[in-house]
There are 2 protein chains.
Amino acid sequence: MPFTTSEENYIKSIYHLQQASGMVNTNTLAAEMQTRAASVTDMLKKLKAKKLLQYERYRGFRLSEAGKKAALDVVRKHRLWEYFLAEHLKFDWDKVHPIAEELEHISSDELVQRLDNFLGNPSFDPHGDPIPDRNGKIPVINQLSLTDIPLKKPVRVSSVSNQSAQMLEMLKHYHIALGTQITVLNHFSFDGSLEIKVLKHSPCIISEPVAKNVFVHYVQ
Amino acid sequence: MPFTTSEENYIKSIYHLQQASGMVNTNTLAAEMQTRAASVTDMLKKLKAKKLLQYERYRGFRLSEAGKKAALDVVRKHRLWEYFLAEHLKFDWDKVHPIAEELEHISSDELVQRLDNFLGNPSFDPHGDPIPDRNGKIPVINQLSLTDIPLKKPVRVSSVSNQSAQMLEMLKHYHIALGTQITVLNHFSFDGSLEIKVLKHSPCIISEPVAKNVFVHYVQ
DNA sequence: AATAAAATTTAGACAAAACTAAAAATATTA
DNA sequence: TAATATTTTTAGTTTTGTCTAAATTTTATT
């Protein structure tokens with residue numbers, strides 16, 4: 001069962017959407033993939049025929065176990081390539097995504113395994129997202145949103161849930177990257193914004209919408 | 001001018017064929033690409049419309065300057081990826097080709113340039129084939145076929161012109177790889193076969209068809 | 001030079017993946 | 001609950017790249 005690039009892209013998008021919502025509907029997927037609802041319906045039929053998803057017309061859909069495994073294979077490849085691009089080719093972490101979108105469709109299983117070993121079997125990609133292993137197992141880390149951290153407790157940035165160019169640009173401005181150490185100094189109840197201290201920089205204030213997307217773990 | 005994967009494959013095959021023969025004809029290209037002559041004709045029209053080749057129906061064709069540059073871009077990517085696969089991911093040199101066939105179509109120019117630097121700007125791929133630079137310039141080396149080497153002069157293997165699995169398997173059997181040092185001990189005029197000494201191994205005899213495809217340069 | 005053979009091109013069809021526009025099913029609201 | 005709005009699907013096209021079969025052009029042969 002080799003999949004086409006288009007099938008892989010659909011499977012991957014469905015996977016990401018159902019992480020949040022469980023069931024996925026046609027228009028949501030069409031918006032996510034920047035395509036039309038009719039095109040989505042066409043592909044859903046093909047994926048159903050290949051038993052990659054449970055789908056009844058007009059009722060929404062979700063990936064089958066086989067579909068989930070296929071999605072995790074693509075996610076694994078995507079994140080391994082992102083790691084390679086950032087760590088070895090020295091790309092900025094906000095530039096790796098579109099290139100990994102192409103590389104993730106290279107089919108050789110042996111390539112993926114050798115790449116994984118070459119990289120030292122990393123558990124997290126440059127955005128802090130977990131890299132599934134070859135069996136689809138996803139590493140976990142005890143992480144919390146920056147909005148849920150008590151004052152004065154030092155934490156380290158482990159991932160960023162919104163990875164839009166705008167968000168990454170904003171973080172760069174605040175000198176926040178993966179692994180950056182942060183302490184929350186103050187919590188303003190007026191609009192939920194936080195005063196934080198980024199290691200080696202003066203305290204600054206970030207808005208709640210930004211803080212909500214920054215995930216951190218306690219420094220042990 | 002981004003090209004499709006299919007266009008790139010045609011351009012690359014035409015490039016390789018015209019290296020030998022100058023002008024290329026439809027059936028030869030169809031055989032090389034394992035497709036039908038009618039499909040070739042269809043694509044030739046598209047490539048002509050994009051000014052990538054000179055072509056008059058029934059008369060054969062060859063790449064334009066723009067076409068040659070496009071071909072060299074693909075060849076460059078192919079050979080850089082082969083180098084990465086063999087040198088860093090430790091693939092056997094006879095396994096890298098099909099994977100590089102996929103990787104060569106990844107489009108990012110910045111990726112290619114960073115990969116090139118990461119690899120240390122290599123001049124030759126794992127098969128000894130020259131890697132064009134970003135301007136399409138191809139490094140040259142003074143190499144001769146093993147059949148043209150005088151007796152007792154030590155030489156080093158620099159490339160292999162027939163890269164079929166059968167040929168590579170045969171060379172592995174003889175302990176011949178890129179960089180291997182060889183001395184020709186004897187030239188049998190009966191069938192043109194050669195007695196050779198591969199460094200660290202006992203003398204052996206290889207047939208003329210094999211020797212013709214092994215290219216070497218003098219050890220300085 | 002006429003005819004046969006080979007090579008090449010055209011014509012028409014198909015599959016994948018997209019689209020638009022219209023129809024059908026579901027959901028919402030007055 | 002009937003009317004309206006929204007969502008989803010169907011029907012019919014388009015594009016890219018392929019194919020087969022038939023027609024055309026070129027090349028080789030008697």
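Convention: sequence-line order gives letters A, B, ...; per-chain numbering from 1. As a basis for the values below, the full set of heavy atoms in this structure was taken, side chains included, without hydrogen atoms, waters or symmetry mates.
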Quick one: label [X] by what it contacts on the DNA or RNA (base, sugar-phosphate, nothing), any heavy atom closer than 4.0 Å.
| X | value |
| --- | --- |
| B:Thr26 | sugar-phosphate |
| A:Phe61 | nothing |
| B:Asn25 | sugar-phosphate |
| B:Tyr55 | sugar-phosphate |

For a quick test of reading the model: is some side-chain N or O of [X] closer than 4.0 Å to OP1 or OP2 of [N]?
| X | N | answer |
| --- | --- | --- |
| A:Thr41 | D:dT8 | no |
| B:Thr4 | D:dT16 | no |
| B:Thr35 | D:dT18 | no |
| B:Tyr10 | D:dT16 | no |
| B:Asn27 | C:dA6 | no |
| A:Arg36 | C:dA18 | no |
| B:Arg57 | D:dA23 | no |
| A:Lys46 | C:dA16 | no |
| B:Ser6 | D:dT16 | no |
| A:Lys45 | D:dT9 | no |

Under 3.5 Å side-chain donor-acceptor pair for A:Ser107 and B:Glu102: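 B:Glu102 and A:Ser107 do have a side-chain donor-acceptor pair below 3.5 Å.
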Side-chain donor-acceptor pair present, A:Asp148, A:Ser145, cut-off under 3.5 Å: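 Side chains of A:Asp148 and A:Ser145: no pair found under 3.5 Å.
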Round to the nearest Å and state the distance from [X] atom [atom1] to [N] atom [atom2].
| X | N | atom1 | atom2 | result |
| --- | --- | --- | --- | --- |
| B:Leu44 | C:dT10 | CG | P | 11 Å |
| A:Leu29 | D:dT7 | CG | C1' | 14 Å |
| B:Met23 | D:dT26 | CE | P | 14 Å |
| B:Met43 | C:dT8 | CE | C1' | 17 Å |
| A:Gln34 | C:dA18 | CD | C1' | 15 Å |

Distance-only donor-acceptor test (3.5 Å): side chain A:Tyr58, base D:dT7: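 Per atom types, no contact qualifies.
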Shortest non-hydrogen contact between A:His88 and A:Leu119, atoms and distance: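 Answer, listing the atom of A:His88 first, then A:Leu119: CD2-CD2, 3.5 Å.
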Parallel, tilted or perpendicular: rings of A:Tyr55 and A:Phe61 (30°, 60°):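 Answer is perpendicular, since the angle exceeds 60°.
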Test applied, side-chain contact (heavy atoms from CB on, under 4.5 Å); reference residue, B:Leu171; option that passes from B:Ile176, B:Ile206, B:Asn213, B:Thr180: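 Answer after filtering B:Ile176, B:Ile206, B:Asn213, B:Thr180: B:Ile176.
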First of B:Glu56 and A:Ala37 reached from the 5' end of DNA chain C, by closest nucleotide: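 Of the two residues, B:Glu56 wins.
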Pairwise 5' ranking along DNA chain C for A:Asp42 and A:Arg59, keeping only the more 5' one: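 The 5'-side residue here is A:Asp42.
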Value rounded to 0.5 Å, distance of CG in B:Leu111 from CG in A:Leu103: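 The CG atom of B:Leu111 sits 6.0 Å away from the CG atom of A:Leu103.
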